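A short worksheet on the structure shown next.
The figures here come from the full heavy-atom set of this structure, side chains too, leaving out hydrogens, waters and symmetry mates. Keep in mind that what you see is a predicted model, and the values were worked out from it rather than measured.
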There are 2 protein chains.
Amino acid sequence: MRLTTKGRFAVTAMLDLALRHGNGPVTLAGISERQSISLSYLEQLFGKLRRAELVESVRGPGGGYTLAKSTEAISVADIITAVDEPVDATQCGGRENCHDNHRCMTHDLWTNLNATIFDYLSKVTLFSLVAQQHAKETTVMQDKREAQPQRARVTPTGAL
Amino acid sequence: MRLTTKGRFAVTAMLDLALRHGNGPVTLAGISERQSISLSYLEQLFGKLRRAELVESVRGPGGGYTLAKSTEAISVADIITAVDEPVDATQCGGRENCHDNHRCMTHDLWTNLNATIFDYLSKVTLFSLVAQQHAKETTVMQDKREAQPQRARVTPTGAL
DNA sequence: TAATTTCCGAGTAATTTAGTCAACTATAGG
DNA sequence: CCTATAGTTGACTAAATTACTCGGAAATTA
């Protein structure tokens with residue numbers, strides 16, 4: 001589980017797709033223009049996204065890309081693992097080198113943290129991101145007359 | 001909020017420190033040997049960790065580094081932001097370029113996701129990581145005779 | 001057939017990672 | 001005071017990754 005600008009580009013592009021879901025194929029040229037991402041870079045990213053079966057492509061005029069699944073079924077973790085090939089994550093590859101307990105201890109600790117982050121990002125779907133955005137927009141309007149309601153719980157329990 | 005191997009190194013090194021917390025200063029040479037990270041690279045990382053006031057140093061023989069705060073007060077987010085200088089995160093820097101609604105929409109969406117991940121990693125402390133490791137060790141022993149209890153809830157509600 | 005748009009591979013500049021090297025400062029112990 | 005230890009700093013570098021560009025196919029619509 002890495003979290004780089006590369007994954008950020010992919011998530012942004014997929015969000016662009018999600019916002020136009022149901023309106024037919026979306027061209028990379030359009031995404032490129034709207035999101036300010038180079039067309040060639042998008043081609044590389046969407047090659048991976050297609051091989052990961054997150055999007056489907058239609059060639060020719062009027063073609064483009066569509067989500068291969070519903071927005072609920074596509075998570076940020078899916079997108080990131082599709083474009084960021086997995087890091088080996090450990091200094092002791094398979095299980096060699098892991099002699100003393102100390103080395104294995106921090107090794108396992110990191111593996112656990114990694115898995116936990118992955119589980120978390122698996123729950124963040126395109127659907128929830130779009131929903132959060134809508135909620136935020138109305139909240140902003142409320143804030144103008146209510147001036148900050150309760151500040152507790154930044155994210156409403158698994159909402160994102 | 002980035003999540004790279006650089007941050008991984010820093011977290012691993014800080015965990016090594018956390019496991020020896022209270023036993024006096026820990027040398028980088030020791031961390032280097034135990035965690036298989038080059039000494040010079042650790043010097044760079046700990047320079048940043050010290051400037052972020054996450055660790056304190058003691059020079060001279062018997063010296064080394066100690067945690068500047070309790071393990072509860074140091075989060076993974078703290079460590080990562082200390083060593084991974086912040087990404088600008090947006091294609092439209094401050095607020096220029098943000099003309100049409102669409103661009104701002106996905107822009108905000110990513111900013112929100114970013115903040116959410118940051119909030120989450122702020123709750124993952126060195127203390128909880130060490131505690132999780134201990135819990136896992138006893139769980140592994142239990143599994144030997146119980147053969148997988150309930151698989152639900154990978155992480156016990158904010159435990160990590 | 002012509003225009004559109006996805007596919008595909010090779011190449012590349014800029015950046016980041018991970019590390020080396022050398023010199024310097026502080027300090028404990030003899 | 002001397003010396004070994006250990007942090008502190010800065011400059012430099014090889015390798016990898018990022019973020020592209022370019023050129024050309026292949027498929028499909030009109």
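Not a single side chain to side chain contact (heavy atoms under 4.5 Å, CB included) links A115(B) to another residue, sequence neighbours left out. Taking K6(B) as the reference, nothing meets the side chain to side chain donor-acceptor pair (under 3.5 Å) condition, with sequence neighbours excluded.
One atom, CD of Q35(A), and another, P of dC20(D), lie 14 Å apart when rounded to the nearest Å. As a whole-Å value, the separation of E33(A) CD from dT5(C) P is 12 Å. In this structure, the CG atom of L45(B) is 15 Å from the C1' atom of dG7(D), given to the nearest Å. A straight line from CD1 of I31(A) to C1' of dC20(D) spans 17 Å, rounded to a whole angstrom. L39(A) places its CG atom 14 Å from the P atom of dT4(C), with the value rounded to the nearest Å. Atoms CZ (F46(A)) and P (dC7(C)) sit 11 Å apart, rounded to a whole Å. When the P atom of dC22(D) is taken as reference, atom CG of L42(A) falls 16 Å away, rounded to whole Å.
Within a 6.0 Å radius of OH in Y41(A), more than 12 heavy atoms belonging to other residues, nucleotides or ligands are found.
For the pair W110(A) and L15(B), the minimum side-chain heavy-atom distance is 4.5 Å or more. In this structure the side chain of Q132(B) never reaches within 4.5 angstrom of the side chain of L113(A), judged on heavy atoms. Between L126(B) and L67(B), some side-chain heavy-atom pair lies under the 4.5 Å cut-off.
Of the charged side-chain nitrogens involved, at least one lies within less than 4.0 Å of a carboxylate oxygen, so that D16(A) and R20(A) count as a salt-bridged pair.
The stretch residues 53-67 of chain A touches DNA chain C through S57(A), V58(A), R59(A), G60(A), P61(A), G62(A), G63(A), G64(A), Y65(A), each having a heavy atom under 4.0 angstrom from the strand.
To the nearest 0.5 Å, the span separating CZ on R2(A) from CG on D84(A) amounts to 4.5 Å. Of the inter-residue distances, the one linking L17(B) atom CG with T71(B) atom OG1 reads 11.0 Å to the nearest 0.5 angstrom.
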Could I get a table of every N or O pair under 3.5 Å where one atom is in the protein and the other is in nucleotides 15-17 of chain C?
{"residue": "dT17(C)", "atom": "OP2", "partner": "K6(B)", "partner atom": "NZ", "Å": "3.4"}

Check nucleotides 9-13 of chain D for protein N or O atoms closer than 3.5 Å to its own N or O atoms and list the pairs.
{"residue": "dT9(D)", "atom": "OP2", "partner": "R50(B)", "partner atom": "NH2", "Å": "2.6"}

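Residue pairs meeting the salt bridge (Lys or Arg N to Asp or Glu O under 4.0 Å) criterion with at least one member in residues 39-51 of chain B, sequence neighbours excluded: K48(B)-E85(B).
Using a 4.0 Å heavy-atom distance criterion, S40(A) is classed as a base contact.
Ring-plane geometry between Y65(B) and F46(B) is classed as tilted, the angle between the planes lying from 30 to 60 degrees on a 0 to 90 degree scale.
Ranked by how close their nearest DNA chain C nucleotide is to the 5' end, T27(A) and I37(B) are led by T27(A).
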